[in-house]
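See structure below.
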Amino acid sequence: MGRMTASSGRRVLLAAPRGYCAGVDRAVIAVEKALEQYGAPIYVRHEIVHNKYVVQTLEKKGAIFVERTEEVPEGNIVMFSAHGVAPVVHDEAKRGNLATIDATCPLVTKVHKEAVRFANDDFDILLIGHEGHEEVIGTSGEAPDHITLVDGPSDVAKVEVRDPSRVVWLSQTTLSVDETMETVDALKEKFPQLISPPSDDICYATQNRQLAVKQMGEEADLVIVVGSKNSSNSIRLVEVAKLSGARAAYLVDFADEIEEAWLEGVTTVGVTSGASVPEILVEQVLEWLSGRGYEDVELVKAAEESITFSLPKELRRDLREEAAALVAERTGTARTTPSGQ
């Protein structure tokens, strides 16, 4: 565990790595670049990433977030979020004469491709994940007739497959590593010939942030996780903190959500943030804690991260022109660039 110089009295243990992962950084920049290149509005299907501050900031710049593809006016640009979408959503966009930008995290795309490959080989696919999460919906949509959702170890007893010798497990990328392996162990006990994915589905950033929290939880009386309530990886960090020994752990979007009562009897506060959280929100939490006597900050370093992803290839094209052409092709009229208003 890498640390800055220790100090006495009240202190903060600051997790490293924390905050933005490569997939989130790519998705957020993609929205900003699209707004810069094509002008507002840019429609985004679902939240680009699960963070309230990020969504509100992008809305102010001209992004419009929608729940359904059908909400986007014909001839506009729609971006798919980092969580990925099912093939049917691409079809919806085509029917709506929409130009698309796919900001799906490449690590999520990898799971989609694994699902398609195993489905083509006629395997039953056991997808470990949380029901209703956008990523799970998108992955399941790649091979709905072959995929069964397994939402934790308690689901294993009811899982049925056609051929126990042709079954594979995949997972949502933002799960707790420990809980996922507990589910896998239970599945292997029921299906001894269960095949594992060719590479780990839980993303590097999720694992690294959980590892840092595990190290922190051993010493922290309280752990504050900066992240939104709909962020799966942020929720998992709270769970991991509690399981690692922290007396209490809480999830907050902003520093002003921290309650003074949480600090009663607390000497050491651990601070981390989910993979969708910009660093400015962590800095505000540290400032809030500093004002209450927690001025000394020690770094808990679990891993180095240097991964980056290139921006979606669609940003290299004139998507406004493409969208107008789609409408013109359908109506047989001259091309016009829609305002989206």
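Under 4.0 Å is where a charged nitrogen must lie from a carboxylate oxygen, and between Glu279 and Arg18 at least one such pair does. Salt-bridge annotation for Asp185 and Lys190: absent, with no side-chain N of the basic residue lying under 4.0 Å from a carboxylate O of the acidic one. Taking the charged nitrogens against the carboxylate oxygens, Arg11 and Glu219 do have a contact shorter than 4.0 Å, which makes a salt bridge.
Residues Tyr204 and Cys21 meet the side-chain proximity criterion, which asks for heavy atoms closer than 4.5 Å. Using a 4.5 Å heavy-atom threshold, the side chains of Leu319 and Ile101 count as touching. Taking 4.5 Å as the limit, some side-chain heavy atom of Val159 sits within range of a side-chain heavy atom of Phe191. Between Val55 and His50 there is no side-chain heavy-atom pair separated by less than 4.5 Å. Glu47 is listed as a side-chain neighbour of Asn230, based on a closest heavy-atom distance under 4.5 Å. Val184 has its side chain within reach of Ile128: a pair of non-hydrogen atoms, C-beta onward, lies under 4.5 Å apart. Side-chain contact check for Leu263 versus Leu222: some heavy-atom pair is nearer than 4.5 Å. No side-chain heavy atom of Val300 sits under 4.5 Å from any side-chain heavy atom of Leu14.
Note on Tyr294: it clusters hydrophobically with Val226, by side-chain heavy-atom contacts below 4.5 Å among ILVMFWY residues. One hydrophobic cluster holds both Val297 and Val282 under the rule that ILVMFWY side chains link at heavy-atom gaps under 4.5 Å. Residues Ile42 and Val66 do not share a hydrophobic cluster, clusters being chains of Ile/Leu/Val/Met/Phe/Trp/Tyr side chains in contact below 4.5 Å. Leu175 and Val213 fall into different hydrophobic clusters, defined by Ile, Leu, Val, Met, Phe, Trp and Tyr side-chain heavy atoms under 4.5 Å apart, directly or through other members. One hydrophobic cluster, built from ILVMFWY side chains closer than 4.5 Å, holds both Leu58 and Met79.
When each of Ser232, Ser231, Ser234, Ser276 is tested with Thr174 by the rule side chain to side chain donor-acceptor pair (under 3.5 Å), just one qualifies, namely Ser232.
Remark: Glu59 CD is packed, more than 12 non-hydrogen atoms of other residues, nucleotides or ligands lying under 6.0 Å away. When the shell of 6.0 Å around CD of Glu304 is examined, it contains 12 or fewer heavy atoms from other residues, nucleotides or ligands. Within a 6.0 Å radius of CD in Glu189, no more than 12 heavy atoms belonging to other residues, nucleotides or ligands are found. No more than 12 heavy atoms of other residues, nucleotides or ligands lie within 6.0 Å of CD in Glu287, so this atom counts as exposed by the packing criterion.
Under the rule for a salt bridge (Lys or Arg N to Asp or Glu O under 4.0 Å), the partners of Lys158 that lie at least two apart in sequence or sit in another chain are Asp155. Among residues two or more places apart in sequence or in another chain, the ring pair (Phe, Tyr, Trp, His ring centres under 6.0 Å) test is passed with Tyr250 by Trp262.
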* Asked: Would Thr183 and Val156 satisfy side chain to side chain contact (heavy atoms under 4.5 Å, CB included), going step by step from the backbone distance to the final call?
  -> CA-CA 7 Å; Thr183 304; Val156 172; 4.2 Å; yes

Ser196 vs Lys188, test: side chain to side chain contact (heavy atoms under 4.5 Å, CB included). Steps then yes/no.
CA-CA 10 Å; Ser196 297; Lys188 285 184 175 178; 3.8 Å; yes

task: Go through the steps to decide whether His146 and Asp122 satisfy the test side chain to side chain donor-acceptor pair (under 3.5 Å), and finish with yes or no.
output: CA-CA 8 Å; His146 288 79; Asp122 203 29; 3.1 Å; yes

Q) Can Asp253 and Ser228 be said to form a side chain to side chain donor-acceptor pair (under 3.5 Å), step by step? A) CA-CA 5 Å; Asp253 263 302; Ser228 292; 2.5 Å; yes

Discussion item. Could you walk me through whether Val24 and Val28 satisfy the side chain to side chain contact (heavy atoms under 4.5 Å, CB included) test, starting with their C-alpha distance in whole Å, then the side-chain angles of each, then the deciding distance to 0.1 Å, before giving a yes or no?
Written reply: CA-CA 6 Å; Val24 165; Val28 173; 4.2 Å; yes

Intermediate values then yes/no, salt bridge (Lys or Arg N to Asp or Glu O under 4.0 Å), Arg317 and Glu314 = CA-CA 6 Å; Arg317 308 200 305 259; Glu314 296 92 340; 5.7 Å; no

Practice prompt. In sequence, state the C-alpha distance, the side-chain angles, and the governing distance for Met216 and Val271, and then conclude on side chain to side chain contact (heavy atoms under 4.5 Å, CB included).
Written response: CA-CA 9 Å; Met216 229 166 39; Val271 175; 6.0 Å; no

Can Gln172 and His130 be said to form a side chain to side chain donor-acceptor pair (under 3.5 Å), step by step?
CA-CA 8 Å; Gln172 182 181 331; His130 296 304; 5.1 Å; no

(request) Might you work through the salt bridge (Lys or Arg N to Asp or Glu O under 4.0 Å) test for Arg117 and Glu142, ending with a clear yes or no? (result) CA-CA 10 Å; Arg117 179 164 67 85; Glu142 293 286 359; over 6 Å; no

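A donor-acceptor contact shorter than 3.5 Å is absent between the side chain of Asp121 and the backbone of Phe123. Judged by distance alone, with hydrogens and angles left aside, the side-chain atoms of Gln210 form a donor-acceptor pair with the main-chain N or O of Val177 at under 3.5 Å. Of the possible polar contacts, one joining the Glu135 side chain to the Thr173 backbone as a donor-acceptor pair under 3.5 Å is found. In terms of modelled atom types and a separation under 3.5 Å, the side chain of Asp124 and the main chain of Val161 share no donor-acceptor contact. Side-chain N or O atoms of Arg209 include none that pairs as donor or acceptor with a backbone N or O of Asn233 at under 3.5 Å. Between the Glu305 side chain and the Pro17 main chain, no donor and acceptor come within less than 3.5 Å of each other.
Nearest heavy-atom pair, Ile307 versus Ala22, reported as atom, atom and distance to 0.1 Å: O-CB, 3.4 Å. The nearest pair of heavy atoms linking Ala255 to Gln284 is CB-O, 3.6 Å. Nearest heavy atoms, Ala99 versus Ala323: CB-CB, 3.9 Å. Glu131 approaches Asp151 most closely through the heavy-atom pair N-OD2, 3.3 Å. Closest approach of Ala82 and Ala27 over heavy atoms only: CB-CB, 3.9 Å. Annotation for Val240 and Ser244: closest pair O-OG, 2.7 Å, computed over non-hydrogen atoms.
Among pairs with a residue in residues 99-114, those fulfilling salt bridge (charged side-chain N to carboxylate O under 4.0 Å, His left out) read Lys110-Glu114, Lys110-Asp201, at least two apart in sequence or across chains.
The distance between the ring centers of His83 and His133 falls below 6.0 angstrom.
A cation-pi arrangement is absent between Arg45 and Phe80, since the terminal nitrogen or guanidinium carbon is not both under 6.0 Å from the aromatic centre and inside a 45° cone about the axis.
A donor atom on one side chain and an acceptor atom on the other are not found under 3.5 Å apart for Glu134 and Ser81. Side-chain contact annotation: Asp200 with Gln207, donor-acceptor N/O pair under 3.5 Å present.
Residue Glu218 holds its CD atom at 10.5 Å from CG of Leu13, rounded to the nearest 0.5 Å. Rounded to the nearest 0.5 Å, atoms CZ (Arg10) and OG (Ser290) are 11.5 Å apart. Note that CD1 of Ile202 is 4.5 Å distant from OG of Ser171, once rounded to the nearest 0.5 Å. With rounding to the nearest 0.5 Å, the separation of NZ in Lys61 from CD in Glu36 is 10.0 Å.
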